[in-house]
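Input: a single structure, listed below in structure tokens.
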Amino acid sequence: VSHRNLATVYGFEVYRSTPMIVMEFVDGSTLAERIPLPLDVAIEVMLEVTEVVACLHKAGVIHRDIKPRNIAINSNGVLKLLDFGLARIEREATMSGVSTHAIVGTPAYLSPEAHNRERANPTFDLWSLSVTFYEVLTGRRPFEAASQDELSAAIRAGRWTPVEKHLPACPASLASFFSSALASDSGLRPKSTQQLARRLSALTASS
């Protein structure tokens, strides 16, 4: 898969019994170091990330670990999606992505279905993109808990902090966006990167 906003993977090596990915060096900072961002800037960034994830999905690849720390901006201002240690070809993904059915990924960014150890699919990335967008805007994660078990339970039950709690002046359209994007009912969420991109673009028109 080749895309301007995708860090190039040059190969795979094993060094002293440790598997490694040989990847493009990105001389910049991660998105985690730049947040929170204004709404218009955050939308622009997320549209770029969504576009590169669409490229992965078209090739049948699920990233499975999208979060601000895995999105970098190089010294030329070009966004790069990083870290493919958990990426899998969709047809090869098991219930959780590994044969042991253990949860794979960063818990705070995993969908209810991932926490339920369902078979990995592109909607896992759509959820992570929405959680990332929330964090990019507020500097906080929508689901927070004292332990991993409590976090998992909160995500599966849909107990998250409404975005207006952190951004009282945010437009109603933004609150509506997250109400659907982070709904416990998967039927209310975007079904594809194209749908997610359209909803993000609509926020620009209403902001």
Side-chain angles (χ1 to χ4, degrees), residues 5 30-57 62-71 73 77 79 81 105-116 118 121-146 150-207:
N5 300 118
T30 69
L31 197 55
E33 299 170 79
R34 299 183 176 217
I35 57 179
L37 297 176
L39 178 57
D40 57 341
V41 178
I43 292 171
E44 183 180 345
V45 167
M46 293 312 301
L47 281 171
E48 280 195 272
V49 181
T50 300
E51 181 185 328
V52 70
V53 173
C55 184
L56 289 174
H57 288 181
I62 308 168
H63 188 282
R64 299 198 307 169
D65 200 21
I66 297 168
K67 56 187 177 183
R69 289 192 179 280
N70 284 342
I71 300 167
I73 311 292
L79 182 147
L81 180 61
T106 306
Y109 302 89
L110 294 180
S111 68
E113 296 76 29
H115 280 279
N116 285 332
E118 294 182 18
N121 64 70
T123 65
F124 283 31
D125 286 345
L126 300 180
W127 176 275
S128 299
L129 285 166
S130 297
V131 173
T132 296
F133 180 38
Y134 183 107
E135 187 174 356
V136 166
L137 281 172
T138 67
R140 302 286 294 274
R141 295 169 185 164
F143 299 90
E144 296 181 324
E150 290 180 10
L151 176 64
S152 181
I155 291 173
R156 286 186 277 111
R159 295 193 302 269
W160 56 283
T161 304
V163 69
E164 55 266 34
K165 293 288 186 182
H166 301 302
L167 303 173
C170 75
S173 58
L174 185 64
S176 177
F177 172 92
F178 285 113
S179 291
S180 60
L182 299 177
S184 55
D185 180 357
S186 61
L188 298 175
R189 299 182 223 141
K191 304 295 190 299
S192 66
T193 51
Q194 290 76 18
Q195 284 189 15
L196 180 60
R198 283 197 294 270
R199 294 188 190 187
L200 285 167
S201 296
L203 291 174
T204 302
S206 61
S207 62

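We use all heavy atoms of the structure for the numbers below, so side chains are in, but hydrogens, waters and symmetry mates are not. These figures come from a predicted structure and were not determined experimentally.
In this structure, P112 and R156 approach most closely via the heavy-atom pair O-CG, 3.9 Å. Closest approach of P36 and G139 over heavy atoms only: CB-N, 3.9 Å. Across every non-hydrogen atom of V163 and C170, the tightest pair is CG1-SG, 4.1 Å. Of all heavy-atom pairs spanning P190 and A181, the tightest one is CD-CA, 4.1 Å. For the pair G187 and K191, the tightest heavy-atom approach, listed with the atom from each and the gap, is O-NZ, 2.8 Å. The nearest pair of heavy atoms linking V131 to A108 is CG1-O, 3.8 Å.
Between the CZ atom in R140 and the CG atom in L167 there is a gap of 11.5 Å [rounded to 0.5 Å]. How far CD of E48 is from CG of L200: 12.0 Å, rounded to the nearest 0.5 Å. Here the CG-CG distance, from L182 to L188, works out to 11.5 Å after rounding to the nearest 0.5 Å. Note that CG of L196 is 6.0 Å distant from CG of L126, once rounded to the nearest 0.5 Å. Going from atom CZ of R199 over to atom CE of M46 covers 14.5 Å, rounded to the nearest 0.5 Å. The line from OG of S173 to CG of L39 is 7.5 Å long, rounded to the nearest 0.5 Å.
The backbone N or O of V52 sits nowhere less than 3.5 Å from a side-chain atom of N5 that would complete a donor-acceptor pair. E51 contributes no side-chain N or O that, together with a main-chain N or O of L47, makes up a donor-acceptor pair within less than 3.5 Å. Judged by distance alone, the side chain of S111 and the main-chain N or O of A114 form a donor-acceptor pair under 3.5 Å. Here the side chain of N70 pairs no donor or acceptor atom with the backbone of I66 at under 3.5 angstrom. In this structure a side-chain-to-backbone donor-acceptor pair under 3.5 Å is missing from H115 to A153. Here the side chain of D125 pairs a donor or acceptor atom with the backbone of H63 at under 3.5 angstrom.
For the residue pair E33/T30, the side-chain donor-acceptor check at 3.5 Å is satisfied. Between the side chains of S128 and R64, no donor-acceptor pair is found at a separation under 3.5 Å. Side-chain contact annotation: H57 with T193, donor-acceptor N/O pair under 3.5 Å absent. Residues T106 and D65 bring a donor and an acceptor atom of their side chains to less than 3.5 Å of each other.
No side-chain heavy atom of I155 sits under 4.5 Å from any side-chain heavy atom of S152. By the 4.5 Å heavy-atom criterion applied to side chains, E135 and I35 are counted as neighbours. Side-chain contact check for W127 versus S186: every heavy-atom pair is 4.5 Å or farther apart. In this structure, L79 and L31 have side chains that are not in contact, with every pair of non-hydrogen atoms separated by 4.5 Å or more. The side-chain heavy atoms of I73 and V45, taken from C-beta on, include no pair separated by under 4.5 Å.
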Could you go through the side chain to side chain contact (heavy atoms under 4.5 Å, CB included) check for F143 and L151 one step at a time?
-> CA-CA 7 Å; F143 299 90; L151 176 64; 3.8 Å; yes
Under the side chain to side chain contact (heavy atoms under 4.5 Å, CB included) rule, what do I43 and F133 come out as? Steps first, then yes or no, please.
-> CA-CA 8 Å; I43 292 171; F133 180 38; 4.0 Å; yes
Begin from the C-alpha positions of W160 and E144 and carry the test side chain to side chain contact (heavy atoms under 4.5 Å, CB included) through to its verdict.
-> CA-CA 8 Å; W160 56 283; E144 296 181 324; over 6 Å; no
Evaluate the side chain to side chain contact (heavy atoms under 4.5 Å, CB included) criterion for residues T204 and D40: first the C-alpha distance (whole Å), next the side-chain angles of each, then the deciding distance (0.1 Å), finally the verdict.
-> CA-CA 7 Å; T204 302; D40 57 341; over 6 Å; no
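Counted within 6.0 Å of CD on Q195, heavy atoms from surrounding residues, nucleotides or ligands total more than 12; the atom is thus considered enclosed. The local environment of NZ in K165 is sparse, with at most 12 non-hydrogen atoms from other residues, nucleotides or ligands closer than 6.0 Å.
Ring geometry, Y134 versus F178: the interplanar angle exceeds 60°, so the pair is classed perpendicular (tilted spans 30 to 60°).
Screening I71, V136, T132 against V49 for a side chain to side chain contact (heavy atoms under 4.5 Å, CB included) leaves a single residue, I71.
E113 has a carboxylate O that lies under 4.0 Å from a charged side-chain N of R189, or vice versa, which qualifies the two as a salt bridge.
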